[in-house]
Amino acid sequence: MPVDDTPEATRLEQLWSGTFGDDYVERNLGAYDQREPFWTELHHTHGFTSALEIGCNVGGNLQWIAPHLAPGHCYGIDINAKAIAHLHQRLPGVNAVWSPGRELPFRDRWFDLVFTMGVLIHQPEATLPLVMAEMVRASRRWVLMGEYYAATTEEVPYRGVDGALFRRDYGAIFASLFPDHRLAERGFLGRDTGWDDITWWLFERG
Ligand SMILES: C[S@@+](CC[C@H](N)C(=O)[O-])C[C@H]1O[C@@H](n2cnc3c(N)ncnc32)[C@H](O)[C@@H]1O
């Protein structure tokens, strides 16, 4: 898919590629220990055999998914090179590459599950549908989004940068764009889970 080079998407990609993103990596290196139960339960319930995370950072989710999958079936992409370097060191069995979420370097329907956790919140309006479309294209079955929820789109102040974080009804936006997918499950992950009050939606290709 050709890149729709909107200035807002480019600005946010540059933000996350640079020191802003590097600082996020350092700040959160120890933040992922509590996430194992969610991923084990999701895998137990839905039995996906391969997975791709968009915006995987250092692998705080993939570290809990990879043990459930056959070698070579766990993938991540991120726009921050430092995060990818950390991931390669921490999780040598995970395939992680640098890429923007709106132009995934994978074939159609290559993965059983494609997901984001706290990444669509950093997409501007113009490219949110593009990233969702890339998730749908790369997935043969499941699409999961774990993001900050609001009934109507609202910007949230984020570390002094304008237009960098949005609460939205991601489930409703996805359902309206991709009516051939059905909502299989929806849940909430509070602060005691290793996340930060996120709502998640799991869609299945119809
Ligand atoms: C808030 S962090 C979430 C990290 C991880 N998903 C988690 O659950 O801990 C957002 C991540 O998305 C990456 N990111 C932001 N915008 C991106 C984009 N347009 N394409 C790919 N990755 C992006 C950032 O570099 C960062 O690693």
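What's counted below: heavy atoms across the whole structure, side chains too, no hydrogens, waters or symmetry copies. Atoms within each ligand, like the ligands themselves, are counted from 1 in listed order.
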Please check if atom CH2 in Trp110 has more than 12 non-hydrogen atoms from other residues, nucleotides or ligands closer than 6.0 Å.
->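 For Trp110, atom CH2 is not crowded (no more than 12 foreign heavy atoms under 6.0 Å).
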
Ring pair (Phe, Tyr, Trp, His ring centres under 6.0 Å) against His46, all qualifying residues, sequence neighbours excluded =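 His46: ring pair (Phe, Tyr, Trp, His ring centres under 6.0 Å) contacts with Trp142.
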
Ionic contact status for Arg167 with Glu147, cut-off 4.0 Å |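 Result for this pair is no, no salt bridge flagged.
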
For the pair Arg168 and Glu125, find out whether any cationic side-chain nitrogen is under 4.0 Å from an anionic carboxylate oxygen.
->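 Result for this pair is yes, salt bridge flagged.
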
Report the nearest protein non-hydrogen atom to atom 13 (C) of ligand 1: residue, atom name, distance rounded to 0.1 Å.
->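 Checking every protein heavy atom, the shortest distance to atom 13 (C) of ligand 1 gives Asp78 OD2, 3.4 Å.
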
What do we get for [X] next to ligand 1 when only non-hydrogen atoms under 4.0 Å count, side chain, backbone, both or neither?
X: Arg35; value: side chain
X: Leu12; value: neither
X: Glu53; value: side chain
X: Asn57; value: both
X: Met117; value: both

Give a yes-or-no answer on whether the side chains of Ser50 and Asp112 include a donor-acceptor pair shorter than 3.5 Å.
->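 On atom types as modelled, these side chains do not qualify, holding no pair under 3.5 Å.
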
Does a donor on one side chain sit under 3.5 Å from an acceptor on the other, for Tyr148 and Asp196?
->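 There is such a pair (donor and acceptor under 3.5 Å, judged by atom type) between the side chains of Tyr148 and Asp196.
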
Work out whether the distance between some heavy atom of Pro100 and some atom of ligand 1 is less than 4.0 Å.
->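 Yes, Pro100 has a heavy atom closer than 4.0 Å to ligand 1.
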
Going by heavy atoms, is Ser99 under 4.0 Å from ligand 1?
->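 Under 4.0 Å: yes for Ser99.
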
What atoms in ligand 1 come closer than 4.0 Å to a heavy atom of Tyr32?
->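 Heavy-atom distances to Tyr32 below 4.0 Å select 9 (O).
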
Aromatic contact, His122 with Tyr158 (centres under 6.0 Å) |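 Distance test on ring centres: under 6.0 Å, yes.
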
For residues 176-184, dump all side-chain donor-acceptor pairs below 3.5 Å to protein atoms at least two apart in sequence or in another chain.
| unit_1 | atom_1 | unit_2 | atom_2 | d |
| --- | --- | --- | --- | --- |
| Ser176 | OG | Ile173 | O | 2.9 |
| Arg182 | NE | Glu204 | OE1 | 3.2 |
| Arg182 | NH2 | Glu204 | OE1 | 2.7 |

Do Cys56 and ligand 1 have an N or O pair less than 3.5 Å apart?
->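 No; every N/O pair is 3.5 Å or more apart.
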
Within the structure, does Tyr24 bring an N/O atom to less than 3.5 angstrom of an N/O atom in ligand 1?
->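 No, there is no polar N/O contact under 3.5 Å.
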
